[in-house]
Novice: 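I'd like to ask some things about the structure below.
Scope of the values below: all heavy atoms of this structure, side chains included, with no hydrogens, waters or symmetry mates. Throughout, protein chains are lettered first and strands after them, A, B, ... in sequence-line order, and every chain is numbered starting at 1.
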Amino acid sequence: SANIPLVVNTWNFINATQKAWEILNISENDNALDALTLGCKVCQDEQCDNTVGYGGSPDENGETTLDALIFDGDTMDMGAVGGLRSVKNAIAVARYVLEHSEHSFLVGNLASAFAEKFGFPNESLQTNFSLNLWEEWKANNCQPNFWKNVFPDPKNHCGPYTESNILADNTLTNTVPTKFNSRNHD
Amino acid sequence: TIGMIVISQSGHIVAGTSTNGATYKIPGRVGDSPIPGAGAYADSNYGAAAATGDGDIMMRFLPSFLAVEQLRLGASPEKAAKISLSRIIDKYPTFFGGIIVADKKGNIGAYCNGMEQFPFSVASADYPNSVIKYVNC
């Protein structure tokens, strides 16, 4: 016996699950893509754990960029965006890539330009929360950061960095304590 | 990041992700989330998977693709999830991440590393009011 229809998602983002479930059951038509798109949008709007949507995970410049993917298991077609700037609804833009292009993956400013052609507003993804995170990071000598084999020592100093002639032992890389956790993840 | 799997009544399976990525990333960095087979993957003939965690590591192992491939080879969702993440953990013992896997019948499995428990959310006929479930890492 099959346990379908079904919605399951990572983490305790239950409002997104519920929205997808409601959409999935709103009609007898197959609307799995709508369910996924609108379910994930809930998390974007709610800024789930500050790991989804605008106003979280600032980069070294204090900017939030967004990544999203939709993969259709019937057609093996997909749409994705990476490093999307200044557009909030990343999952919907990925849906547009899926449904309105023969490509799979658009990135950066040109993904934003694609989105704007379909009416997505261009707006800042920075919030007071993300700005404060960024300010705290700068005040903490830019720790943690993801540079290696550069000068000055990225474990103690902010950039700009230049190439270091002293290469770290890359065999140790695999056991370095992770910088990722339940509040900082892909 | 949210990674989501949806299976419709007719068996149409889709998977996807949405994220703002790693905090304090070097500008231009993109993680695994938008990469097919890494952040998510689906094949309506077998099932789907979605992964979350350290995307710089995960994208090197395509855990979502591997999990669906394990379903194709006959593994249960639980075993597919474990095999998929174990491939990463073997090389990166401190890796942080989790994966959810669903087969085409709606059976669910999950696996994780680098945390005590990994929560995931489920809605189905048994749970029309969505519930949070946990797997111990």
Side-chain angles (χ1 to χ4, degrees), chain A residues 2-14 16-18 20-21 24 30 32-33 35-36 39-40 43-44 48 51-53 56-61 64 66-74 78 80-83 90-91 105 137 144-146 174-175 177-178 180-182 184-186, chain B residues 1-28 30-34 36 39-44 48 50 52-55 91-96 98 100 102 105-108 114-115 119-124 128 130 132:
Chain A
N3 181 33
I4 61 173
L6 172 76
V7 178
V8 55
N9 58 261
T10 56
W11 305 109
N12 55 348
F13 303 152
I14 203 164
T17 325
Q18 193 63 33
W21 177 250
L24 199 54
D30 186 331
L33 285 167
L36 188 135
C40 288
C43 244
Q44 292 177 166
C48 288
T51 67
V52 184
S57 303
D59 67 15
E60 288 195 338
N61 295 333
T64 296
L66 304 176
D67 310 325
L69 161 71
I70 298 181
F71 199 99
D72 185 332
D74 267 7
M78 63 166 278
V81 290
I91 194 72
F105 192 2
W137 176 75
N145 74 44
F146 292 90
N174 296 14
T175 56
T178 182
F180 291 84
N181 54 56
S182 62
N184 177 24
H185 56 73
D186 294 287
Chain B
T1 302
I2 182 170
M4 180 179 284
I5 298 167
V6 175
I7 307 178
S8 73
Q9 183 67 58
S10 64
H12 183 194
I13 304 179
V14 299
T17 61
S18 181
T19 187
N20 51 32
T23 309
Y24 313 130
K25 64 181 86 66
I26 296 172
V30 171
D32 69 304
S33 296
Y41 197 69
D43 183 331
S44 293
T52 182
D54 179 347
K91 300 288 186 182
Y92 291 90
T94 61
F95 159 76
F96 172 88
I100 54 171
K105 292 184 175 179
N107 300 305
I108 302 167
M115 57 191 119
F120 57 100
S121 306
V122 180
S124 67
S130 309
I132 300 168

Novice: In terms of heavy-atom pairs under 4.5 Å, which option from B:A123, B:G106, B:A48 contacts chain A the most?
Specialist: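 That would be B:A123.
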
Novice: Which pair of non-hydrogen atoms, one from A:L24 and one from B:I7, has the smallest distance, and what is that distance?
Specialist: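 So the minimum-distance heavy-atom pair works out to CD2-O, 3.5 Å.
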
Novice: Looking only at heavy atoms, what is the nearest atom pair of B:N20 and A:V52, with distance?
Specialist: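 Reported closest heavy-atom pair: ND2-N, 3.4 Å.
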
Novice: Between A:F105 and chain B, with a heavy-atom cut-off of 4.5 Å, which part of the residue counts as in contact: side chain, backbone, both or neither?
Specialist: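 The answer is the side chain of A:F105.
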
Novice: Taking side chain as everything from C-beta outward and backbone as N, CA, C, O, which of these in A:C43 sits under 4.5 Å from a heavy atom of chain B? Side chain, backbone, both or neither.
Specialist: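 Only the side chain of A:C43 comes within 4.5 Å of chain B.
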
Novice: If every non-hydrogen atom of B:M4 is compared with every non-hydrogen atom of A:A35, which pair is closest and at what distance?
Specialist: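 B:M4 and A:A35 have their closest heavy atoms at SD-O, 4.3 Å.
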
Novice: For B:V122, does its backbone N or O pair with a side-chain atom of A:T17 as donor and acceptor, under 3.5 Å?
Specialist: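 Pair absent, no side-chain N/O of A:T17 close to backbone of B:V122.
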
Novice: Between atom CD1 of B:I5 and atom CG of A:N9, what is the distance when rounded to the nearest 0.5 Å?
Specialist: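 B:I5 atom CD1 to A:N9 atom CG measures 9.0 Å (nearest 0.5 Å).
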
Novice: Can you measure from CG (B:D32) to CG (A:D186) and round to the nearest 0.5 angstrom?
Specialist: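 Reported value, rounded in 0.5 Å steps: 5.0 Å.
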
Novice: Might you point out which heavy atoms bring A:H185 and B:T19 nearest each other, and give the distance in Å?
Specialist: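 Minimum heavy-atom separation between A:H185 and B:T19: O-OG1, 3.8 Å.
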
Novice: Can you tell me how far apart OG1 (A:T178) and CG (B:D54) are? Round to the nearest 0.5 Å.
Specialist: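 Those atoms lie 4.5 Å apart.
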
Novice: Non-hydrogen atoms of chain B under 4.5 Å away: do they reach the side chain of A:Q18, the backbone, both or neither?
Specialist: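 Contact with chain B: backbone and side chain both.
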
Novice: Quick one: pull up CD1 in B:I13 and CG in A:L36 and give me the separation to the nearest 0.5 Å.
Specialist: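 CG of A:L36 is found 12.5 Å from CD1 of B:I13.
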
Novice: Ignoring hydrogens, what is the shortest heavy-atom contact between B:V30 and A:G83? Give both atom names and the distance.
Specialist: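 Heavy-atom minimum between the residues: CG2-N, 3.8 Å.
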
Novice: For the residue pair B:S33 / A:D67, report whether a side-chain donor-acceptor contact shorter than 3.5 Å exists.
Specialist: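 Side chains of A:D67 and B:S33: no pair found under 3.5 Å.
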
Novice: For the pair B:Y24 and A:W137, name the ring-plane relationship: parallel under 30°, tilted 30 to 60°, perpendicular over 60°.
Specialist: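 Parallel, since the angle between the ring planes stays under 30°.
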
Novice: What's the separation between atom NZ in B:K25 and atom CG in A:N184, rounded to the nearest 0.5 Å?
Specialist: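 Here the interatomic distance stands at 8.5 Å.
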
Novice: Is any side-chain heavy atom of A:V7 closer than 4.5 Å to a side-chain heavy atom of B:S124?
Specialist: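 With C-beta onward as the side chain, the pair stays apart.
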
Novice: So how far is it from B:I2 CD1 to A:T10 OG1, rounded to the nearest 0.5 Å?
Specialist: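 The OG1 atom of A:T10 is 5.5 Å from CD1 of B:I2, to the nearest 0.5 Å.
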
Novice: Please name the pair of heavy atoms, one in B:S8 and one in A:A32, separated by the smallest distance, quoted to 0.1 Å.
Specialist: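 Closest heavy-atom pair between B:S8 and A:A32: CB-CB, 4.2 Å.
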
Novice: Non-hydrogen atoms of chain B under 4.5 Å away: do they reach the side chain of A:A20, the backbone, both or neither?
Specialist: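 Side chain only.
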
Novice: Where the side chain of B:S121 meets the backbone of A:W11, is there a donor-acceptor pair that is under 3.5 Å apart?
Specialist: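 Present.
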
Novice: Looking only at side chains, do A:W21 and B:S130 share a donor and an acceptor under 3.5 Å apart?
Specialist: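 The criterion, which ignores hydrogens and geometry beyond distance, is not satisfied for B:S130 and A:W21.
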
Novice: Which atoms of A:L66 are under 4.5 Å from chain B, going by heavy atoms: the side chain, the backbone, both sets, or neither?
Specialist: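 Both parts, heavy atoms under 4.5 Å.
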
Novice: Let me know if B:A102 has heavy atoms under 4.5 Å from chain A in its side chain, its backbone, both or neither.
Specialist: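 For B:A102, side-chain heavy atoms alone lie under 4.5 Å from chain A.
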
